[in-house]
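Every number for a ligand or one of its atoms is a count from 1 in the order of the listing. Hydrogens, waters and symmetry mates play no part in the numbers below; they use all other heavy atoms, side chains included. Since the model is a prediction, treat every value here as computed from it, not as a measurement.
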Amino acid sequence: MAYLLEQKDFIFTILIVITLARGTKQNENLCSNHTYGISIISSPPSDSSILHLSLRMLNLEGHLSFDNISHAAKDFGNRYYYLPCAILYPKSVTDISTTIKYIYDLGTTSDLTVAARGHGHSLEGQAQANQGVVINMEHLSGENMDFYTGNVPYVDVSGGHLWINVLHETLKKGLTPKSWTDYLHLTIGGTLSNAGVSGQAFKYGPQINNVFQLEVVTGTGDVVTCSENHNADLFHGVLGGLGQFGIITKARIALEPSPIMVPKTLLHQEHENYKAIHCMK
Ligand SMILES: Cc1cc2nc3c(=O)[nH]c(=O)nc-3n(C[C@H](O)[C@H](O)[C@H](O)COP(=O)(O)OP(=O)(O)OC[C@H]3O[C@@H](n4cnc5c(N)ncnc54)[C@H](O)[C@@H]3O)c2cc1C
Ligand SMILES: *[C@@H]1O[C@H](CO)[C@@H](O)[C@H](O)[C@H]1NC(C)=O
Ligand SMILES: *[C@@H]1O[C@H](CO)[C@@H](O)[C@H](O)[C@H]1NC(C)=O
């Protein structure tokens, strides 16, 4: 940690010295101006190259990509195209916290933005960050799912997991989430940032009504656990919050016993029985 701080102080000193020397506009987006980068060796380094350098020096278990970024400028809607300056591929929640803390510490003169990206199935650029840092949440989804199979069963799952994977894992325990989306190739964090609606919503409410607890990285980079009874403001802000109140790194999802699957032949027979019973009535 001490090493990190020293490194950060060092970077800030460089940033301040060069900023003063160049008389940079205070509100300039430090990450912009790719094309004006260090093309001429004798020219002073650009702000974006300084920021790239300082981001590169962050002590991460995962990595930041500055080159392979164009896919994060698109989403399912294909209507908006905002190129980020970097994509974070986190290996741990600490990676997300470190990066956000760093960006927060840049202060109000920096307009570098951050967006979490789940499966990119938004339609209007919600998971994009124009010249900012996009966090690839699916890269976190290697983390294990932890089950509680007691009276009120639940699963603790990474915010980057797809619902389809949660279904596969929970079925192995004879359980399923109570509330769904109809389409399952969406991430936990992505749908909990909206609402998560399906045919079961009439019975159980949307997915955001079926979460017991969240682990969130806040805008200051702190990792906070929240629920109905603990940091409730954050909990209710983040659920349905479109990623504006924090990044969901873990969610505790309510489960129920899964329905028993019926072989097709039996189904047919049941159907015949059903018809017979109801015709008799
Ligand atoms: C084909 C298709 C089918 C769909 N079916 C349904 C459906 O049946 N039911 C339904 O309710 N919706 C449905 N949707 C809508 C979908 O739920 C939302 O668009 C959802 O946001 C997409 O999830 P995602 O993982 O792709 O998130 P993204 O599009 O990547 O992100 C969505 C928003 O959430 C934020 N975000 C992403 N991850 C996190 C995180 N971990 N923490 C905090 N914020 C985060 C992003 O910054 C962004 O603002 C569908 C969309 C499509 C394209
Ligand atoms: C990029 O840099 C050029 C030259 O310094 C400047 O004129 C321009 O406004 C900058 N663009 C952005 C988006 O900041
Ligand atoms: C670029 O990123 C995409 C999405 O993360 C990945 O599938 C692809 O393999 C990457 N390509 C390279 C060359 O790293």
Side-chain angles (χ1 to χ4, degrees), residues 62-80 82-84 86-93 95-97 99-100 113-130 132-143 156-167 177 179-202 204-211 214-219 221 223-224 226 234-253:
H63 68 281
L64 277 153
S65 169
F66 296 89
D67 309 317
N68 184 15
I69 53 175
S70 57
H71 60 276
K74 282 187 241 156
D75 60 27
F76 203 87
N78 238 335
R79 299 172 60 206
Y80 296 93
Y82 297 120
L83 203 61
I87 300 177
L88 172 65
Y89 291 91
K91 265 237 174 86
S92 64
V93 173
D95 280 354
I96 297 176
S97 158
T99 306
I100 293 189
T113 56
V114 184
R117 181 182 177 92
H119 208 51
H121 271 41
S122 298
L123 303 181
E124 304 202 43
Q126 291 95 329
Q128 300 179 22
N130 195 9
V133 176
V134 168
I135 304 177
N136 182 315
M137 295 306 296
E138 281 190 78
H139 208 247
L140 256 194
S141 66
E143 293 189 350
D156 282 327
V157 58
S158 158
H161 263 301
L162 294 176
W163 283 100
I164 184 74
N165 297 336
V166 177
L167 174 63
S179 184
W180 291 103
T181 46
D182 288 324
Y183 178 71
L184 297 181
H185 292 257
L186 305 166
T187 65
I188 307 294
T191 70
L192 293 185
S193 297
N194 284 272
V197 183
S198 76
Q200 294 99 322
F202 80 95
Y204 295 112
Q207 289 178 325
I208 53 173
N209 281 19
N210 291 278
V211 184
L214 297 173
E215 179 191 78
V216 172
V217 178
T218 67
V223 184
V224 178
C226 58
L234 182 65
F235 185 66
H236 292 299
V238 168
L239 290 173
L242 275 181
Q244 300 303 299
F245 296 90
I247 295 186
I248 300 166
T249 46
K250 204 165 270 178
R252 180 165 289 179
I253 311 285

**Q** I'd like the name of whichever of Ala116, Gly243, Ala115 reaches closest to atom 46 (C) of ligand 1 through any heavy atom.
**A**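 Nearest option to atom 46 (C) of ligand 1, by heavy atoms: Ala116.
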**Q** Treating Gln126 as the side-chain partner and Glu124 as the backbone partner, does any N or O pair qualify as donor plus acceptor under 3.5 Å?
**A** yes
**Q** Looking at Ser92 and Asp95, would you say the former's side chain and the latter's main chain have a donor-acceptor pair under 3.5 Å?
**A** yes
**Q** Counting only heavy atoms on the protein side, is anything nearer than 4.0 Å to atom 40 (C) of ligand 1?
**A** yes
**Q** With a cutoff of 4.0 Å, is Gly160 in contact with ligand 1, counting heavy atoms of the residue only?
**A** no
**Q** Going by the order shown, which atoms of ligand 1 are within less than 4.0 Å of some heavy atom of Thr191?
**A**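 The atoms of ligand 1 under 4.0 Å from a heavy atom of Thr191 are 17 (O).
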**Q** Give the atom numbers and elements of ligand 1 that come within less than 4.0 Å of a heavy atom of Leu242.
**A**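 By the 4.0 Å cutoff, the relevant atoms are 49 (O).
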**Q** Hey, which atoms in ligand 1 end up nearer than 4.0 Å to a heavy atom of Arg117?
**A** 30 (O)
**Q** Need the ligand 1 atom indices (1-based, order shown) with element for anything under 4.0 Å from a heavy-atom of Ile247.
**A** 42 (N), 43 (C)
**Q** Give the atoms of ligand 1, by number and element, whose distance to some non-hydrogen atom of Val197 is under 4.0 Å.
**A** 7 (C), 8 (O), 9 (N), 10 (C), 11 (O)
**Q** Measuring from atom CD1 of Ile135 to atom CD1 of Ile100, what distance do you get when rounded to the nearest 0.5 angstrom?
**A** 4.5 Å
**Q** With heavy atoms of Gly120 as the reference, note each atom of ligand 1 found under 4.0 Å away.
**A**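 Those of ligand 1 that fall under 4.0 Å from Gly120 are 26 (O), 28 (P), 29 (O), 30 (O).
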**Q** Could you say whether the N/O atoms of Gly190 and ligand 1 ever approach to under 3.5 Å?
**A**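 The answer is yes, given that Gly190 and ligand 1 share an N or O pair closer than 3.5 Å.
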**Q** Quiz question: by atom type and distance under 3.5 Å, do the side chains of Thr181 and Trp163 form a donor-acceptor pair?
**A** no
**Q** For Glu215 and Val223, what are the C-alpha separation, side-chain angles and deciding distance, and is it a side chain to side chain contact (heavy atoms under 4.5 Å, CB included)?
**A** CA-CA 7 Å; Glu215 179 191 78; Val223 184; 3.8 Å; yes
**Q** Under 30°, 30 to 60°, or over 60°: which ring-plane class applies to His139 and Tyr89, parallel, tilted or perpendicular?
**A** perpendicular
**Q** Going from CE on Met137 to OG on Ser158, what distance comes out if it is rounded to the nearest 0.5 angstrom?
**A** 6.0 Å
**Q** Measuring from the heavy atoms of Ser198, does anything fall under 4.0 Å of ligand 1?
**A**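 The answer is no, since Ser198 has no heavy atom less than 4.0 Å from ligand 1.
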**Q** For atom 26 (O) of ligand 1, grab the closest protein heavy atom and report residue, atom and distance to one decimal in Å.
**A**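 The closest heavy atom on the protein side is His121 N, 2.7 Å.
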**Q** Starting from the C-alpha separation in whole Å, work towards a yes-or-no answer on side chain to side chain contact (heavy atoms under 4.5 Å, CB included) for His71 and Ile87.
**A** CA-CA 10 Å; His71 60 276; Ile87 300 177; 3.6 Å; yes
**Q** For atom 8 (O) of ligand 1, which of Val238, Asp182, Thr187 has the closest heavy atom?
**A**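 The option holding the nearest heavy atom is Asp182.
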**Q** Counting N and O atoms only, with roles assigned by atom type, does the side chain of Gln200 sit under 3.5 Å from a partner on the main chain of Ser198, one being a donor and the other an acceptor?
**A**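 Such a contact is absent between Gln200 side chain and Ser198 backbone.
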**Q** Given Ile87, Ile69, Asn68, Asn136, which has its nearest heavy atom closest to atom 10 (C) of ligand 3?
**A**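 Result: the heavy atom closest to atom 10 (C) of ligand 3 is in Asn68.
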**Q** Does Ala195 reach ligand 1, in the sense of a heavy atom lying below 4.0 Å from it?
**A** no
**Q** Report the distance from atom CG of Leu242 to atom CG of Asn194, rounding to the nearest 0.5 Å.
**A** 5.0 Å
**Q** Below 4.0 Å, non-hydrogen atoms only: which portion of Tyr183 touches ligand 1? Side chain, backbone, both or neither.
**A**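 Under 4.0 Å from ligand 1, Tyr183 contributes backbone and side-chain atoms.
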**Q** Can any side-chain N or O of Ser179 pair as donor or acceptor with the backbone N or O of Gly205 at less than 3.5 Å?
**A**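 A pair under 3.5 Å: yes.
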**Q** Please state which option from Leu186, Val216, Leu214, Thr181 has its nearest heavy atom closest to atom 14 (N) of ligand 1.
**A**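 Minimum heavy-atom distance to atom 14 (N) of ligand 1 goes to Leu186.
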**Q** What protein heavy atom sits nearest atom 45 (C) of ligand 1, and how far away is it?
**A** Ser193 OG, 3.3 Å
**Q** Measure from atom 31 (O) of ligand 1 to every heavy atom in Gly199, Ser122, Ala201 and give the option owning the shortest one.
**A** Ser122
**Q** Determine if the distance from atom 7 (O) of ligand 3 to the closest protein heavy atom is below 4.0 Å.
**A** no
**Q** Can you check whether Leu123 has an N/O within less than 3.5 Å of an N/O in ligand 1?
**A** no
**Q** For ligand 1, is any non-hydrogen atom under 4.0 Å from Met137's backbone (N, CA, C, O), its side chain (CB onward), both, or neither?
**A** side chain
**Q** Using a plain distance cutoff, I'd like to know if Asn194 has any nitrogen or oxygen under 3.5 Å from a nitrogen or oxygen of ligand 1.
**A** yes
**Q** With atoms numbered from 1 as shown, which atoms in ligand 1 lie under 4.0 angstrom from a non-hydrogen atom of Gln126?
**A** 47 (O), 48 (C), 49 (O)
**Q** Please identify which atoms of ligand 1 are closer than 4.0 Å to at least one heavy atom of Gly196.
**A** 11 (O)
**Q** Could you list the atoms of ligand 3 found under 4.0 angstrom from a heavy atom of Tyr89?
**A**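 Here the atoms of ligand 3 in question are 2 (O), 5 (O).
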